J.: 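Take a look at the following structure, please.
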Amino acid sequence: MDQIAYNQDLTHKTILVGDSGVGKTSLLVQFDQGKFIPGSFSATVGIGFTNKVLTVDELKVKLQVRETHTNTHTLTLKGSRAGCSFQIWDTAGQERFRSVTHAYYRDAQALLLLYDITSRSSFDNTRAWLTEIHEYAQDNIVIMLLGNKSDMSNKRVIRREEGEKLAREYGVIFLETSAKTGSLCVVLFISLLMVLGSSFSSPWSRRMNLQEAAVGSAELMNQTQKQVQLLYQCCGLKLIQISVKNLQKQLSQIGNADQRVL
Ligand SMILES: Nc1nc2c(ncn2[C@@H]2O[C@H](COP(=O)(O)OP(=O)(O)OP(=O)(O)O)[C@@H](O)[C@H]2O)c(=O)[nH]1
């Protein structure tokens, strides 16, 4: 395994929050492993590491997911040339872990707030989450509101427009995702990294290539392209063009994952 040097001072932290059961862990696992594991995640026994390499604009980055205590995963992205690292923390949604979650807010640069499109209460609770976020997080934190489980259209109770409206009200980015199908999971995380990475000069802020396993059909890729454009418009960053053809080509070359479980 490559030894990748990075500067601890440039660590960017992202946290996933939202009610219990909305799919935070599933979304992170989908991004990390390109798969969906149905059923509830229980307490992780021991410590696991997964490493894999993907390419963002010719920059090789190493992903590291660290599973620690109950439902808490850390995903670390270490840029080999960028000299920075990104960590994505998955928090437990249950009330009893809330004080632990608060501690993570303080030094996070980005936050993914999830609700479940089949659960009215999880959507209603996002307002309370947002209040809490504003209380504990940094003022300039990047927030994304995510309506997860978009694959369950027959059980949908929250219309997309409701999510969009709430996001507009709070001035945050909105996307619907599915940890099951992988819909937008990859682009979501990569986009977030790009948003966070925009504070660095090249290569993070240049044109990017996506190389990941979780995105499927051409239709989804078209949708992905549109969503990325939307994200960048929302974030005030320059529009980044992603060639669907190039993306398809790269997706077919997947397979360089280096996975290890201790
Ligand atoms: N159909 C469908 N099911 C999902 C999706 N995401 C998560 N689930 C299911 O929803 C349940 C809860 O998912 P988790 O990922 O454990 O939710 P969580 O938000 O991490 O929950 P806590 O750790 O308790 O905060 C599991 O049974 C998942 O399989 C999705 O996108 N689609």
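We count ligands from 1, going down the list as the structure has it; atoms in each ligand are counted the same way. Here the structure is a predicted model, which means the values were calculated and not measured.
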J.: For ligand 1, which atoms sit closer than 4.0 Å to a heavy atom of Asp151?
T.: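 Every atom of ligand 1 under 4.0 Å from some heavy atom of Asp151: 1 (N), 2 (C), 30 (C), 31 (O), 32 (N).
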J.: N/O to N/O below 3.5 Å, does that happen between Ser20 and ligand 1?
T.: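 N/O-N/O distance under 3.5 Å: yes.
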J.: Give a yes/no verdict on whether any heavy atom in Gly18 is under 4.0 Å from an atom of ligand 1.
T.: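 No; Gly18 lies far enough from ligand 1 that no heavy-atom distance drops under 4.0 Å.
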J.: So is there a nitrogen or oxygen of Phe36 less than 3.5 Å from a nitrogen or oxygen in ligand 1?
T.: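 In this structure, Phe36 places no N or O atom under 3.5 Å from an N or O of ligand 1.
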J.: Can you check whether Ser150 has an N/O within less than 3.5 Å of an N/O in ligand 1?
T.: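 It does not: no N or O of Ser150 is found under 3.5 Å from an N or O of ligand 1.
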J.: Can you tell if the side chain of Glu169 reaches within under 4.5 Å of the side chain of Arg127, non-hydrogen atoms only?
T.: yes
J.: Show, in sequence, the C-alpha distance, side-chain angles and deciding distance for His134 and Ile143, and conclude whether the side chain to side chain contact (heavy atoms under 4.5 Å, CB included) test is met.
T.: CA-CA 10 Å; His134 288 303; Ile143 301 172; 4.3 Å; yes
J.: With heavy atoms of Ser178 as the reference, note each atom of ligand 1 found under 4.0 Å away.
T.: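 Heavy-atom distances to Ser178 below 4.0 Å select 31 (O).
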J.: Report the residue from Arg168, Arg120, Arg156 that forms a salt bridge (charged side-chain N to carboxylate O under 4.0 Å, His left out) with Glu162.
T.: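 That would be Arg120.
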J.: Please work out which of the three classes, parallel, tilted or perpendicular, describes the rings of Phe123 and Tyr115, given edges at 30° and 60°.
T.: perpendicular
J.: Within a distance under 4.0 Å of any heavy atom of Asn148, pick out the atoms of ligand 1 and give their elements.
T.: 5 (C), 6 (N), 31 (O)
J.: Near Met152, which atoms of ligand 1 are under 4.0 Å from a heavy atom of that residue?
T.: 1 (N), 2 (C)
J.: Could you go step by step and tell me if Val22 and Asn148 meet the side chain to side chain contact (heavy atoms under 4.5 Å, CB included) rule?
T.: CA-CA 7 Å; Val22 294; Asn148 191 40; 5.6 Å; no
J.: Answer yes or no: does atom CG of Asn154 have more than 12 heavy-atom neighbours from other residues, nucleotides or ligands under 6.0 Å?
T.: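 More than 12 heavy atoms, drawn from other residues, nucleotides or ligands, come within 6.0 Å of this atom.
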J.: Pull out every atom of ligand 1 sitting under 4.0 Å from any heavy atom of Ser26, numbered as shown with elements.
T.: 6 (N), 7 (C), 13 (O), 14 (P), 15 (O), 28 (C)
J.: When rounded to the nearest 0.5 angstrom, what distance separates CG in Asp116 from OG in Ser20?
T.: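 Rounded to the nearest 0.5 Å, the CG-OG separation comes out at 11.0 Å.
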J.: Report the part of Asp19 (side chain from C-beta onward, or backbone N, CA, C, O) that has a heavy atom under 4.0 Å from ligand 1; answer both or neither where that applies.
T.: backbone
J.: Applying a 4.0 Å heavy-atom criterion (strictly less than), which segment of Asp116 is in contact with ligand 1: side chain, backbone, both, or neither?
T.: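 Asp116 to ligand 1: no contact under 4.0 Å from either part.
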J.: Which ligand 1 atoms does Lys24 reach within 4.0 Å, using its non-hydrogen atoms?
T.: 15 (O), 17 (O), 18 (P), 19 (O), 20 (O), 21 (O), 22 (P), 25 (O)
J.: Please answer: with hydrophobic residues joined when any side-chain heavy atoms are less than 4.5 Å apart, are Met152 and Leu27 in the same cluster?
T.: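 No, Met152 does not connect to Leu27 through the hydrophobic network.
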